[in-house]
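Here, residue 1 is the first one in the sequence, and each next residue gets the next number. Quick caveat: nothing in here was measured; it's all calculated off a predicted structure. What's counted below: heavy atoms across the whole structure, side chains too, no hydrogens, waters or symmetry copies.
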Amino acid sequence: MTSQIPPTAPPTPSTASRNPSAVPGWPHPDRPLPAVELRVPTDEDALHWHRVFNDPEVMEFHGGAPAEPSFYEELTARQRRHHAELGFCLYTLLAPADGAVMGFTGAQPWPRDWGPVGEIEIGWRLGRAYWGKGYATAAATTALEAVRTAGVRTAGVRHVVAMIDARNARSIAVAHRLGMHHAETLLRPVSGRTTHCYRLEV
């Protein structure tokens with residue numbers, strides 16, 4: 001059985017105080033954030049992620065070249081384990097109109113041996129067709145609620161981080177809308193690219 005997070009309701013004044021993305025960072029105050037639906041990744045989602053991310057623009061700040069299908073097979077399997085063990089993961093993001101896979105959004109333990117080792121990273125990646133519509137902000141807000149719920153249950157997660165390439169203005173804007181603050185700047189091993197670490201108390 002596939003686990004799903006119910007669609008989010010459009011932000012209202014009563015939720016704005018606990019939803020930093022609703023106001024004031026959302027650049028379209030006259031338009032609510034879109035409803036979103038997230039699900040724990042399925043086996044089939046490995047192929048969907050590969051298809052949606054098989055785009056040089058999408059991968060510009062994620063190594064540049066599209067990954068092989070086997071990479072997403074391992075990644076989706078790992079997310080299912082995270083959800084079972086932690087109560088959250090990188091979720092598959094579904095288009096509200098037709099259920100098409102738009103990408104992923106969610107949180108996972110930082111998977112590398114440099115940077116914020118031992119911390120929980122929130123992240124998002126969407127297909128090019130879904131950029132600029134508020135989906136990343138809305139979905140990340142929903143994912144943060146899953147992290148908060150898990151943290152309350154386990155008395156574990158106190159804050160999350162987002163590791164963002166310094167040139168990635170779109171993702172930096174999403175981090176700001178979520179209420180995240182810049183914590184530190186690091187250089188990625190091998191590539192030497194500048195990466196900003198944003199942090200948010202949950």
Side-chain angles (χ1 to χ4, degrees), residues 19-28 31 33-34 36 38 41 45 48-68 71-72 75-76 78-79 88-95 101-117 119-144 147 159-202:
N19 181 359
S21 68
V23 293
W26 174 233
H28 308 289
R31 191 175 82 220
L33 286 170
V36 295
L38 307 180
D45 283 339
H48 293 310
W49 289 11
H50 177 261
R51 173 182 53 79
V52 172
F53 301 148
N54 190 24
D55 181 330
E57 283 192 84
V58 173
M59 298 302 293
E60 179 180 3
F61 305 115
H62 306 286
E68 294 296 322
F71 172 84
Y72 294 109
L75 182 58
T76 52
R78 191 192 327 150
Q79 300 315 310
F88 56 83
C89 65
L90 292 179
Y91 298 98
T92 293
L93 173 57
L94 305 174
V101 171
M102 295 192 286
F104 65 61
T105 310
Q108 64 172 344
W110 174 246
R112 298 175 174 83
D113 59 3
W114 61 275
V117 176
E119 300 196 61
I120 299 299
E121 177 200 26
I122 186 167
W124 47 86
R125 189 183 306 173
L126 278 64
R128 179 68 183 84
Y130 305 105
W131 292 2
K133 303 176 189 286
Y135 290 125
T137 303
T141 300
T142 301
L144 280 171
V147 174
H159 62 263
V160 296
V161 299
M163 296 290 285
I164 304 175
D165 189 296
R167 303 164 301 160
N168 191 345
R170 290 179 179 275
S171 280
I172 289 172
V174 172
H176 287 162
R177 290 171 200 145
L178 295 173
M180 305 188 83
H181 68 274
H182 179 259
E184 60 180 322
T185 297
L186 306 94
L187 295 180
R188 287 181 175 269
V190 184
S191 71
R193 288 183 175 176
T194 301
T195 300
H196 295 318
C197 177
Y198 288 83
R199 184 168 276 110
L200 177 69
E201 301 297 320
V202 296

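In this structure, Thr142 OG1 and Tyr91 OH are separated by 10.0 Å, a value rounded to the nearest 0.5 Å. In this structure, CG in Asn168 is found 10.5 Å from NE2 in His196, a value given to the nearest 0.5 Å. Here Leu187 contributes atom CG and Thr195 contributes atom OG1; the two are 7.5 Å apart, rounded to the nearest 0.5 Å. Once rounded to the nearest 0.5 Å, the distance linking CD1 of Ile164 with CD1 of Ile172 reads 6.0 Å. Residue Asp55 holds its CG atom at 8.0 Å from CZ of Arg128, rounded to the nearest 0.5 Å. Note that the CG atom of Leu186 and the OG1 atom of Thr194 stand 9.5 Å from one another [nearest 0.5 Å].
For the side chain to side chain contact (heavy atoms under 4.5 Å, CB included) test, residues two or more places apart in sequence or in another chain that qualify with Ser191 are Arg188, Arg193. When the side-chain hydrogen bond (donor to acceptor under 3.5 Å, both in side chains) test is applied to Glu60, no partner is found at least two apart in sequence or on another chain. Asn54 meets the side-chain hydrogen bond (donor to acceptor under 3.5 Å, both in side chains) test with no other residue; sequence neighbours excluded. Not counting sequence neighbours, the partners of Tyr72 by the ring-ring contact (aromatic ring centres under 6.0 Å, His included) test are Phe53. A search for side-chain hydrogen bond (donor to acceptor under 3.5 Å, both in side chains) contacts involving Gln79 returns Gln108, not counting sequence neighbours. For Trp114, the ring-ring contact (aromatic ring centres under 6.0 Å, His included) partners are Trp110, not counting sequence neighbours.
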Point to revise | From CA spacing to verdict: side-chain contact (heavy atoms from CB on, under 4.5 Å), Ile120, Val202 | key: CA-CA 11 Å; Ile120 299 299; Val202 296; over 6 Å; no

Check your understanding: Checking side-chain contact (heavy atoms from CB on, under 4.5 Å) for the pair Met180/Val160: CA distance, chi angles, key distance, verdict?
Key -> CA-CA 9 Å; Met180 305 188 83; Val160 296; 4.2 Å; yes

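For the pair Ala136 and Val174, the tightest heavy-atom approach, listed with the atom from each and the gap, is CB-CG2, 4.1 Å. Taking each heavy atom of Val117 and Arg112 in turn, the nearest pair found is CG2-O, 3.7 Å. Residue Ala138 comes nearest to Leu33 through the heavy atom pair CB-CB, 4.2 Å, listed as atom of the first residue, atom of the second, then distance. In terms of heavy-atom proximity, Ala162 sits nearest to Trp124 at CB-CH2, 4.3 Å. Gly106 and Ala143 make their closest contact through CA-CB, 3.6 Å (heavy atoms, listed as atom of the first residue, atom of the second, distance). Nearest heavy atom pair, residue Leu75 against residue Phe104, reads CD2-CE2, 4.4 Å.
Using a 4.5 Å heavy-atom threshold, the side chains of Thr185 and Cys197 count as separate. Taking 4.5 Å as the limit, every side-chain heavy atom of Val52 sits out of range of all side-chain heavy atoms of Met102. By the 4.5 Å heavy-atom criterion applied to side chains, Leu94 and Val101 are counted as neighbours. Within the 4.5 Å cutoff, no side-chain heavy atoms of Val161 are placed close to those of Ile122. Between Pro116 and Met163 the shortest side-chain heavy-atom distance falls below 4.5 Å. Contact of the Pro111 side chain with the Arg78 side chain is registered, since non-hydrogen atoms from C-beta on lie closer than 4.5 Å.
With hydrogens and angles left out, the side-chain atoms of Asp45 and Thr76 include no donor and acceptor closer than 3.5 Å. Residues Trp49 and Thr92 bring a donor and an acceptor atom of their side chains to less than 3.5 Å of each other.
With ring centers used as reference points, Phe71 lies 6.0 Å or more from His50.
Proximity of a side-chain donor or acceptor of His181 to a complementary backbone N or O of Arg199 within less than 3.5 Å is detected. A distance-only check finds no donor-acceptor pair linking the side chain of His176 to the backbone of Leu178 [under 3.5 Å].
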